[in-house]
There are 2 protein chains.
Amino acid sequence: MEFRKRPGGRSARVRDAVRQATLAELVERGYTGLTVDNVAERSGVHKTTVYRRWGSVEGLISDALELARDEPWPIPDTGSVESDLRGIVQLVRTGFDDPELGPVSSAFVAAAMQDPAAARALHDFFAARHEQSAEVVRRAIERGELPDVVDPNEVIRVAVAPVYYRLFVAHEPVSEDDADRAADAALAAARAGVL
Amino acid sequence: MEFRKRPGGRSARVRDAVRQATLAELVERGYTGLTVDNVAERSGVHKTTVYRRWGSVEGLISDALELARDEPWPIPDTGSVESDLRGIVQLVRTGFDDPELGPVSSAFVAAAMQDPAAARALHDFFAARHEQSAEVVRRAIERGELPDVVDPNEVIRVAVAPVYYRLFVAHEPVSEDDADRAADAALAAARAGVL
DNA sequence: CTCCAAAAACTACTCCAGTTGCATTTGTGA
DNA sequence: TCACAAATGCAACTGGAGTAGTTTTTGGAG
């Protein structure tokens with residue numbers, strides 16, 4: 001007895017084809033240009049099947065989001081919190097600049113704003129990201145660089161928030177200096193013991 | 001000779017009716033439920049007219065956004081930067097909690113993520129907000145509470161960013177304490193001279 | 001190898017956002 | 001007051017997103 005289908009089965013092939021097509025379409029046309037019909041055609045899967053298993057464009061994105069959540073990302077470990085934090089914020093910034101990652105990541109944020117399921121998926125995604133990133137703060141506390149009263153996750157949030165704010169709320173450009181400044185600000189607040 | 005139509009003319013009546021209907025629909029159904037047809041029916045204006053003058057749902061929202069930009073909002077003046085900043089951030093937080101303002105404001109953010117014109121309108125909106133809010137920082141500098149090297153607008157951005165980040169990116173709840181902490185963090189960074 | 005339940009494909013629809021061409025109304029300037 | 005240009009109203013249409021019912025394929029269990 002088994003509780004999971006074979007990885008090479010038809011369903012698995014369909015799932016992979018649709019996921020790959022979704023990402024490719026997102027890169028080419030962005031979130032506003034993403035349609036179930038296009039994904040179906042590109043993947044070679046019939047559109048009724050896509051509707052039955054994913055339900056909607058937001059469902060496709062939620063699915064991609066769950067995949068992205070489990071992928072670990074390269075947390076820096078330079079020896080100092082300052083450069084670690086800067087590294088993380090720059091990673092966020094350059095991620096949205098990237099011609100492949102950018103449209104996909106932006107789509108995640110956009111979709112979550114319109115669909116509760118996508119919002120939950122994005123919430124979990126960021127919870128995982130925060131947990132991973134907070135490691136640089138925990139290390140800093142161990143090294144005595146920061147007081148042990150600080151909340152590591154909160155430091156991460158405050159560090160990356162200005163980048164997201166500029167990109168998705170105020171719609172201002174984000175320079176390398178802007179990102180560094182955001183990281184430095186979070187660090188200064190942490191040192192002052194307010195985070 | 002005149003370069004503007006009479007305020008009581010038919011066009012002006014249509015414009016006002018559509019604007020009011022847009023806001024009412026946003027409050028009742030939110031951004032995802034906003035359709036040109038519904039706005040047309042509620043306003044008593046034919047849908048063709050709405051399409052011709054506003055073009056799309058995002059056009060309706062951009063229009064509402066331009067109106068909101070010019071409305072000044074109550075910047076606190078308590079005598080200390082700390083409570084002024086906290087007041088501003090709480091104003092943001094409670095604004096999105098408000099059953100009337102919340103859906104409208106959220107719609108602005110959501111629409112700007114999908115339509116370049118709405119994005120530009122929102123950019124201008126926030127530029128105006130920053131400029132107004134920065135007054136509390138400028139006063140603090142004059143009083144000697146903050147070093148005069150700090151960028152007032154940047155302090156505001158860093159102060160409010162975590163609230164927007166939680167609401168629209170990470171999709172986490174935002175408590176009163178969270179808002180205060182964000183304001184305090186920005187202030188600590190400003191005092192340290194990194195903003 | 002055979003059979004069967006589940007999943008996918010296919011066909012043919014419905015429904016609604018958005019468009020087009022034309023008729024009608026309106027307010028404004030002469 | 002009157003005539004005209006601009007704006008609105010109207011009705012009919014187009015196209016694509018999403019659905020329903022049915023048939024076909026597939027992979028695995030016995």
Side-chain angles (χ1 to χ4, degrees), chain A residues 1-22 25-26 28-63 107 110-111 113-118, chain B residues 1-22 24-26 28-64 107 110-111 113-118:
Chain A
M1 179 178 103
E2 61 183 9
F3 68 113
R4 183 155 300 234
K5 301 297 176 65
R6 283 274 186 68
R10 180 166 66 161
S11 295
R13 278 202 309 276
V14 163
R15 189 160 31 88
D16 293 344
V18 169
R19 279 173 174 169
Q20 192 179 336
T22 300
E25 285 288 315
L26 275 179
E28 280 184 18
R29 305 172 195 254
Y31 174 63
T32 53
L34 187 70
T35 70
V36 173
D37 280 312
N38 286 340
V39 170
E41 190 180 3
R42 181 191 280 253
S43 65
V45 172
H46 204 88
K47 84 169 177 172
T48 44
T49 300
V50 179
Y51 274 113
R52 269 196 277 264
R53 288 188 56 177
W54 284 271
S56 66
V57 180
E58 284 73 26
L60 290 167
I61 292 180
S62 298
D63 183 44
M113 213 165 271
Q114 312 212 10
D115 180 68
Chain B
M1 179 180 100
E2 61 183 10
F3 68 115
R4 182 156 299 238
K5 300 297 176 66
R6 284 276 188 69
R10 180 166 67 162
S11 295
R13 277 200 313 276
V14 163
R15 186 158 35 88
D16 293 345
V18 169
R19 279 173 174 171
Q20 192 179 337
T22 300
E25 286 287 314
L26 274 179
E28 279 183 21
R29 305 172 196 254
Y31 174 62
T32 54
L34 187 71
T35 70
V36 174
D37 281 312
N38 286 341
V39 170
E41 190 180 4
R42 180 190 281 253
S43 64
V45 173
H46 204 87
K47 80 168 179 171
T48 320
T49 301
V50 179
Y51 274 113
R52 270 198 279 259
R53 288 187 54 175
W54 284 272
S56 65
V57 177
E58 284 72 27
L60 289 168
I61 292 180
S62 299
D63 182 45
M113 213 164 271
Q114 312 210 10
D115 181 67

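Quick caveat, the model's predicted, so the values are computed rather than measured. Only heavy atoms go into these numbers, but all of them, side chains included; no hydrogens, no water, no symmetry mates. Within every chain, numbering begins at 1; the chains are lettered A, B, ... in the order of the sequence lines, protein sequences first and strands thereafter.
Applying the salt bridge (Lys or Arg N to Asp or Glu O under 4.0 Å) rule to D63(B) yields the partners R19(B); only residues at least two apart in sequence or on another chain are considered. Remark: E28(B) pairs with R42(B) by the side chain to side chain donor-acceptor pair (under 3.5 Å) rule, at least two apart or across chains.
An OP1 or OP2 oxygen of dA6(D) is reached within less than 4.0 angstrom by no side-chain nitrogen or oxygen of S11(B).
Atom P of nucleotide dA17(C) and atom CD of E25(B) are separated by 12 Å, given to the nearest angstrom. In this entry the distance linking CZ of R13(B) with C1' of dT26(C) reads 9 Å, nearest Å. Remark: P of dG18(C) and CD of E58(B) are 8 Å apart, rounded to the nearest angstrom.
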Checking side-chain contact (heavy atoms from CB on, under 4.5 Å) for the pair R53(B)/V18(B): CA distance, chi angles, key distance, verdict? CA-CA 10 Å; R53(B) 288 187 54 175; V18(B) 169; over 6 Å; no

For D115(A) and V57(A), what are the C-alpha separation, side-chain angles and deciding distance, and is it a side-chain contact (heavy atoms from CB on, under 4.5 Å)? CA-CA 10 Å; D115(A) 180 68; V57(A) 180; over 6 Å; no

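For the pair A117(B) and S62(B), the tightest heavy-atom approach, listed with the atom from each and the gap, is C-OG, 3.9 Å. The two residues L34(B) and T22(B) have their closest heavy-atom pair at CD1-O, 4.1 Å. Nearest heavy-atom pair, A110(B) versus M113(A), reported as atom, atom and distance to 0.1 Å: CA-SD, 3.5 Å.
Among residues at least two apart or in separate chains, side chain to side chain donor-acceptor pair (under 3.5 Å) pairs with a member in residues 29-41 of chain A are E25(A)-R29(A), Y31(A)-E58(A), T35(A)-N38(A).
Contacts between residues 43-54 of chain B and DNA chain C, defined by a heavy-atom separation under 4.0 Å, are made by K47(B), T48(B), Y51(B), R52(B). Sorted by residue number, the members of residues 30-41 of chain A with any non-hydrogen atom under 4.0 Å from DNA chain D read T35(A), D37(A).
The base of dA7(C) sits within donor-acceptor range of the side chain of R10(A), with an N or O pair under 3.5 Å.
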